[in-house]
Each structure stands twice: as C-alpha cells, then as structure tokens.
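These notes are about the structure you will find just below.
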Amino acid sequence: MSAEATNPGAPIRRRGRPRIDLRRLGRAAVLGPVSRDRLPDALAHVAEAHRAHHPDADLAVLQRAYLLAETSHRGQMRKSGEPYITHPLAVTLILAQLGAETTTLTASLLHDTVEDTEVTLDQVREEFGEEVCYLVDGVTKLEKVDYGAAAEPETFRKMLVATGDDVRVMSIKLADRLHNMRTLGVMRPEKQARIAHVTRDVLIPLAERLGVQALKTELEDLVFAILHPEEYARTSAVIAAAADGPDPLNATAGNVASVLREAGISSEVLVRPRHFVSVHRVRIKRGELRGSDFGRVLVLVAEDADCYAVLGELHTCFTPVISEFKDFIAAPKFNLYQSLHTAVVGPDGEVAEVLIRTHRMHKVAEAGVIALGNPYVADGTAQTAEQAGGESPDGESPHGEGPDGERADPTRPGWLSRLLQWQQSASDPDTFWTSLRADLAQDREITVFRTDGGTLGLPAGASCVDAAYAQHGDAAHTCIGARVNGRLATLSTVLKDGDTVQPLLAEDAGSGPSPDWLDHARTPAARIAITGWLDAHPQGAEAGQPGAPAGRDPQPAPPVEPGARRARTASAVVEQQDAQVRLAGCCTPVPPDEVTGFTVRGGAAVTVHRLRCPAVARMEAVGRAPVAVSWGDEQACRVTLVAESFGRPRLLADLTEAIAGADAAVISATVEPPSEQRVRHTYTLRLPDAAGLPALMRAMREVPGVYDVSRAQHPAGAL
C-alpha cells in the first residue's frame with residue numbers, strides 16, 4: 001500500500017491504469033511540439049492508449065483539437081498550480097485507457113473551451129463537425145449569472161437530456177469528474193464535501209447505470225476518503241495489514257488455472273483486489289475479514305460456452321457455495337454487465353469468490369457504454385455494440401432509427417428513458433434535483449411485462465401505481481387496481497422482476513388519485529404526477545377520490561357524485577335546470593326503472609326514486625308533489641352495490657374478477673373493517689347496459705363467502 005493511497009486527501013492508485021505525472025504533462029503542454037507536423041509530446045500518452053484499442057485510429061483530428069485547446073487555455077492555471085491544459089489532457093487519457101473512440105476523445109480535449117475560453121460552439125462545429133459540437137455543448141455548464149442557485153441542477157438536466165441523444169456526453173462528464181475528484185485536495189474542506197456529496201448522489205449512480213465500473217469504483221473510493229476519513233483510514237490500515245500476510249487467493253487462483261489447463265480450457269486466471277469501499281462493505285457485513293475477502297478470482301475465456309465449461313470444472317473439482325451462484329450471462333444486468341458469479345471452498349477451507357467472463361464481457365464490465373465505441377453509426381464500432389448485447393443501428397443517420405421509429409440505441413436503457421420522461425414534468429429545479437437523487441438512489445431495476453407485449457423498466461420495490469403511470473402517464477389518475485400475472489391486485493402491490501402487469505382504469509375521467517398513493521409510489525414520474533393532481537384538486541385530495549384503489553386501507557368513503565347529470569321534465573325542471581339531482585339511497589334506481597322525483601332543500605335539488613319505492617307513497621301521503629323526471633341520453637347505467645360476505649383470503653380479488661367478467665367498470669370501491677368475521681364491500685359501478693345488472697348481482701352472489709348482494713343504502717350518483 002503506497003503512502004499516497006493511505007492519505008485520505010491523496011488520489012488512489014488503480015490497478016492496471018498507471019498514473020501520468022501531471023507536472024511532466026504540464027511542461028510538455030507549455031513547450032508544445034517542435035513543429036505542427038508531428039504529434040505534440042503532451043498528447044503522446046493519449047495516442048498510445050488510444051492506439052492500444054483502435055490501432056488504425058486517425059490521430060490528426062486529435063492533434064488539431066489539442067492545438068486549439070492548448071492555445072485557448074494558454075495562461076490559465078488550475079488551483080493545483082498546473083497549466084489548465086493538463087485537465088482536458090488527463091480527462092482524455094482516462095477515456096482513451098477505457099477504449100473511447102476518436103470522436104469522444106476529440107470532444108474531451110475541447111470540453112472546457114466553450115465554457116472557459118473565447119472559443120465558440122460555432123467554431124467547434126466548423127472545425128470538428130456536428131457530433132463533436134454536440135458533445136462539447138452537452139457538457140458545457142450553464143452560467144450562474146443566468147441561473148443563480150438553479151445552475152447546477154439545470155446543468156445536470158441539460159446533460160441528461162443530451163445523454164438521451166448521445167450517451168458519450170455522460171462518458172465525458174464522468175471522466176471529467178473523476179479527474180477533478182483526484183485533484184480535489186487543493187479545495188477548501190467544505191467545497192470538497194459539497195462536490196463529494198453530488199458525486200455520491202448523482203455521478204456514481206450514473207456511472208453504475210452506464211456500466212462504467214472502472215470510473216465508478218474509483219469515484220466511490222475518493223468520495224469515501226472525503227466524506228468518511230476515519231472509516232477510510234481504518235479500511236486502509238486493514239488492507240495494508242493484509243498485504244503483509246499470506247494471500248490465499250493466489251493459491252486458489254493457481255489451483256483454478258491448473259484445473260482448467262488439465263481440462264483443456266484456454267483461460268487467463270487473475271486475482272482482482274477489492275477497492276476500498278468494497279472491502280469496507282464486506283467488513284461491515286462479515287465483521288472479521290478473512291484473507292480471501294480482499295479480492296476475487298477472475299477467469300477470462302474466449303467464448304460464452306467456455307464460461308459454462310469453466311463453471312462445470314470448478315463445481316466438480318472444488319466444493320461450491322451454491323447460494324453464491326448467479327448467472328448474469330443468461331440474464332445480463334440492466335447496465336450491460338455479464339458474468340458468472342460463484343464461490344468455491346479451497347483445500348485450506350478458504351472461500352473464494354470467482355468471476356467468469358469472456359474478454360469481451362470484461363471490457364464491457366470495466367468500461368460499460370464507453371466500450372461500445374460509437375453506437376450511432378453502422379461500421380465496425382457498431383458491430384462492437386451489437387456484440388455487447390445491444391441492437392445494431394440501421395446506419396441511415398448519425399443517430400439511426402429502428403423499424404418502429406425509435407432510435408436503435410443499445411445505450412438507451414429503460415432507466416434513462418424513464419428519467420427523461422419524468423424530468424419534463426419537474427418544472428422547478430428543486431423538484432428535479434430532489435427527484436433525480438431519489439431515482440438514482442434505487443439499487444437496481446426490474447423488468448415487468450405489459451399485456452400488450454411491451455415491457456416496463458421500473459426500480460426495485462415499484463408498485464402497481466408506478467406501473468400505471470409508466471404505461472399510461474396522467475391517464476393513470478383513474479386507475480382502480482391492476483392484474484398481476486392474471487390475478488387482480490391492489491395498486492399497492494409490489495412488483496417482482498418478470499411479473500406481468502395490467503393497470504385497470506376507470507371510465508370516469510373525473511376521478512383522481514388518493515393521497516395515500518404516494519405511500520406506494522417509488523418512481524419520480526408517479527410521485528410528480530400524483531402530487532401535481534392533488535395540488536390542482538385540493539378539495540378532491542381532502543375528501544378522497546373515486547379513483548382510490550380497491551382494497552385500500554379499510555375506511556368508509558364519504559359519498560361522492562362524480563359526473564352528476566340533471567333531471568329532465570316535460571314542462572316544470574325546465575324551471576329547475578340548475579337543480580342538483582341525486583339518486584335515492586333507499587331504492588337506488590337505474591335505467592330502465594320507472595322513476596319520479598321530489599324537490600329537496602327548497603328546490604335546489606331533486607331526489608329520484610323508483611316509482612314503486614315505499615318512500616314515494618309516504619311523501620305523496622303528506623302532500624309532497626312529485627317532479628316528472630326521465631333518464632338522460634346515456635345508455636350506460638351507474639349503480640352502487642353492497643356485497644355482504646364472510647371474510648376469507650382473496651375475497652376482494654374474486655369479487656372484483658366477477659365484476660370485471662360482467663363488463664362492469666369500477667368507479668370506486670371501499671371495504672369496511674371486518675366485524676365478527678363479516679365484511680362489507682361497496683362498489684360504485686358503471687354497466688354498459690342496465691339489463692346486465694341482474695346477471696352481475698348473481699355473479700357476485702356466486703363468489704364463495706358472499707351471502708348477499710344488494711343495492712346500496714346511501715346516495716350513489718346522479719342521472
């Protein structure tokens with residue numbers, strides 16, 4: 001362990017990626033090339049790293065970009081004392097080491113010119129083309145003079161939108177942040193902490209989601225050193241102490257290599273040390289660390305089939321820990337990661353974790369989307385994208401489109417599309433910034449299937465509420481429940497990876513979400529939409545909405561009259577056009593019942609009864625004059641039914657399924673608390689035809705446990 005790595009304020013050495021002396025780079029940058037005909041000395045390291053991944057790369061454009069960057073930044077110095085040009089050089093070197101293609105490196109050299117010098121976007125476009133101009137613009141910060149405190153969140157919003165069109169924007173930003181974090185020790189402690197917090201909450205999750213593990217792990221270690229210096233120092237000491245003792249992983253790696261040689265499997269077996277944060281997490285999880293906890297054995301092979309051959313040999317010749325086996329080749333992670341994970345017990349009793357992957361998988365595991373090259377053109381780099389598990393673009397445009405009109409882009413995963421959708425609804429910067437951090441805080445993503453054949457990418461822990469808004473947008477305000485794997489479920493149901501979900505929407509467009517939906521919403525898209533509706537309908541939020549999910553927390557709902565219609569008379573309601581109309585709770589009439597009405601509240605309202613209702617005779621007996629009423633033009637009927645039943649599991653689901661089978665739409669539903677093992681369900685329903693009401697009531701009575709179904713005894717709606 002180097003002294004540099006044990007100092008929390010110093011940069012951390014990464015294995016396999018040697019550091020370049022920035023002071024030497026600075027001197028070379030200042031002195032410049034001897035002539036314009038040869039590569040500048042300061043660019044030699046970038047060129048060497050770039051040619052290692054792209055042997056035929058044309059370096060002339062990099063030379064032109066470097067000369068413009070060096071000239072425009074000349075005289076500017078970093079707080080560390082180096083010439084400013086060392087920063088874009090270092091950022092470009094990071095990307096070159098990870099295998100970025102020439103266009104990305106060109107934009108990286110120029111990424112601060114528009115922000116910090118007199119160079120304009122038009123100049124960049126004219127000299128280097130539209131793609132480079134787009135990348136440079138994507139990472140250019142917005143001015144605090146124009147945006148004030150909103151500059152940082154709005155800059156990230158701008159970068160994310162640009163990333164949606166070209167993921168290389170975020171690749172440059174991640175490398176830029178990594179170099180800034182490496183040299184953060186010259187900043188004031190409070191500024192270090194502020195930058196580290198944003199890095200932890202936003203940049204590290206983005207690096208994880210884009211699969212750029214090489215950047216993500218180093219960023220984690222640098223943030224760890226700044227925000228938790230005592231824990232960092234303790235972890236450093238543990239790693240240093242372990243380095244002085246025996247290394248059981250080397251012995252295990254040797255045994256694995258020997259087994260694979262005997263089996264005739266060509267492979268490369270390495271020991272990969274864990275980075276600081278990984279060791280810290282293992283120490284918290286297991287307490288006392290074993291010698292094999294400081295790294296993992298990595299086996300690299302040529303083909304996918306070889307991975308499973310290696311797995312078979314290891315499980316045959318060693319004792320496997322079955323609970324540790326994971327197949328991320330058959331089921332890749334959402335960030336393109338593929339590997340087989342297992343753990344075996346060596347002869348000395350040490351448990352060693354083993355990662356098995358192809359060389360191509362290893363490149364993608366380290367560099368993520370950066371390893372895809374340029375996925376937007378149909379050439380050799382596009383083939384790399386296809387091999388990495390993405391779709392091959394059609395090559396008709398720089399950002400090609402697939403057959404359905406969507407851009408065929410292996411770097412545009414579900415989480416990014418989802419993020420780009422909800423950010424449009426977050427109009428103010430604070431909401432966007434808070435929602436972005438919450439969205440990125442989700443540990444992993446699940447995929448659920450839609451009944452129309454599509455899929456939805458949702459964060460782990462997402463509910464049917466989230467699925468409804470992801471599929472239907474604001475139309476999900478009227479959601480009343482869902483089918484999950486063909487079974488009816490409440491909106492609060494948490495979805496699992498691979499579930500099939502069908503949100504059920506009410507026909508009544510006037511209904512809306514209940515405040516308690518926020519308890520079940522995990523995605524910013526759902527939370528922003530629900531909050532927006534509740535803010536716009538404060539009375540509805542207070543009173544409870546007919547769109548509340550079936551099976552919500554048991555509590556009686558106040559009577560509501562969505563979509564009330566007016567009664568009509570042949571001569572006298574003409575005089576009462578503004579009168580509110582209510583269906584009588586005692587008889588709950590529905591079409592085609594013969595009906596009559598009586599004025600209430602001084603003529604401000606009309607209550608409608610069935611003609612044979614006993615209450616009609618009582619009111620006529622005391623001299624109340626009836627009002628002639630007739631049904632409106634709408635053929636559908638609305639009715640409220642009460643189901644009395646004995647409590648049992650799945651009763652709610654079976655009742656709702658019976659309702660759906662009769663083609664009835666649920667407008668609202670409530671479940672009263674059980675009393676003496678008896679449960680009362682109240683449903684306000686819309687039927688396409690009143691003639692179907694008897695059959696619906698019979699179907700509900702046939703549900704096991706239901707002993708009576710009747711019309712409700714409270715106001716249920718209006719004509």
Side-chain angles (χ1 to χ4, degrees), residues 157 160 164 334 406 412-428 431-432 434-442 444-485 488-497 499-537 540-541 544-552 665-669:
R157 191 202 296 258
L160 287 168
F334 64 89
E406 291 292 325
R412 178 79 174 265
W415 66 266
L416 180 55
S417 297
R418 187 175 69 245
L419 187 154
L420 293 172
Q421 289 170 0
W422 69 250
Q423 68 85 22
Q424 297 175 357
S425 303
S427 55
D428 66 284
T431 299
F432 166 75
T434 302
S435 300
L436 175 65
R437 290 181 165 188
D439 196 8
L440 294 176
Q442 308 295 339
R444 62 185 182 88
E445 184 172 274
I446 63 171
T447 298
V448 297
F449 297 93
R450 295 163 40 168
T451 52
D452 61 4
T455 61
L456 297 174
L458 297 170
S463 68
C464 292
V465 171
D466 300 298
Y469 281 96
Q471 182 170 349
H472 297 291
D474 287 346
H477 292 330
T478 65
C479 197
I480 54 172
R483 291 181 183 272
V484 178
N485 301 325
L488 286 163
T490 62
L491 285 177
S492 60
T493 300
V494 175
L495 299 170
K496 300 185 295 297
D497 199 28
D499 280 346
T500 298
V501 61
Q502 178 189 9
L504 304 176
L505 306 185
E507 293 182 359
D508 190 349
S511 61
S514 167
D516 61 4
W517 288 19
L518 291 171
D519 296 336
H520 314 306
R522 294 289 300 274
T523 60
R527 298 188 66 83
I528 290 172
I530 295 167
T531 302
W533 193 96
L534 295 175
D535 289 344
H537 302 78
Q545 287 299 319
R552 59 185 291 184
V666 179
I667 304 303
S668 66

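The shortest heavy-atom contact between Pro459 and Thr523 is CD-CG2, 3.4 Å. Residues Ile530 and Ser514 approach most closely at CG2-O, 4.4 Å, considering heavy atoms. Across Gln471 and Pro503, no two heavy atoms sit closer than the pair OE1-CD, 3.5 Å.
Using a 4.5 Å heavy-atom cutoff, the side chains of Leu504 and Gln502 are in contact. Residues Leu534 and Pro515 have side chains in contact (heavy-atom distance under 4.5 Å, counting atoms from C-beta outward). Using a 4.5 Å heavy-atom threshold, the side chains of Val465 and Cys479 count as separate.
Between Tyr469 and Trp517, the ring-plane angle classifies as perpendicular under the 30° and 60° cut-offs.
Without hydrogens or angle criteria, Asp466 side chain to Ala521 main chain gives no donor-acceptor distance under 3.5 Å. Of the possible polar contacts, none joining the Asp535 side chain to the Gly532 backbone as a donor-acceptor pair under 3.5 Å is found.
Among residue pairs with one or both ends in residues 446-463, those qualifying as salt bridge (charged side-chain N to carboxylate O under 4.0 Å, His left out) are Arg450-Asp452; sequence neighbours excluded.
Applying the side-chain contact (heavy atoms from CB on, under 4.5 Å) test between Cys464 and each of Val494, Leu491, Asp499 identifies Leu491 as the sole match.
The side chain to side chain contact (heavy atoms under 4.5 Å, CB included) check on Ala467 picks up Leu456, Leu458, Leu495, Val501, with sequence neighbours excluded.
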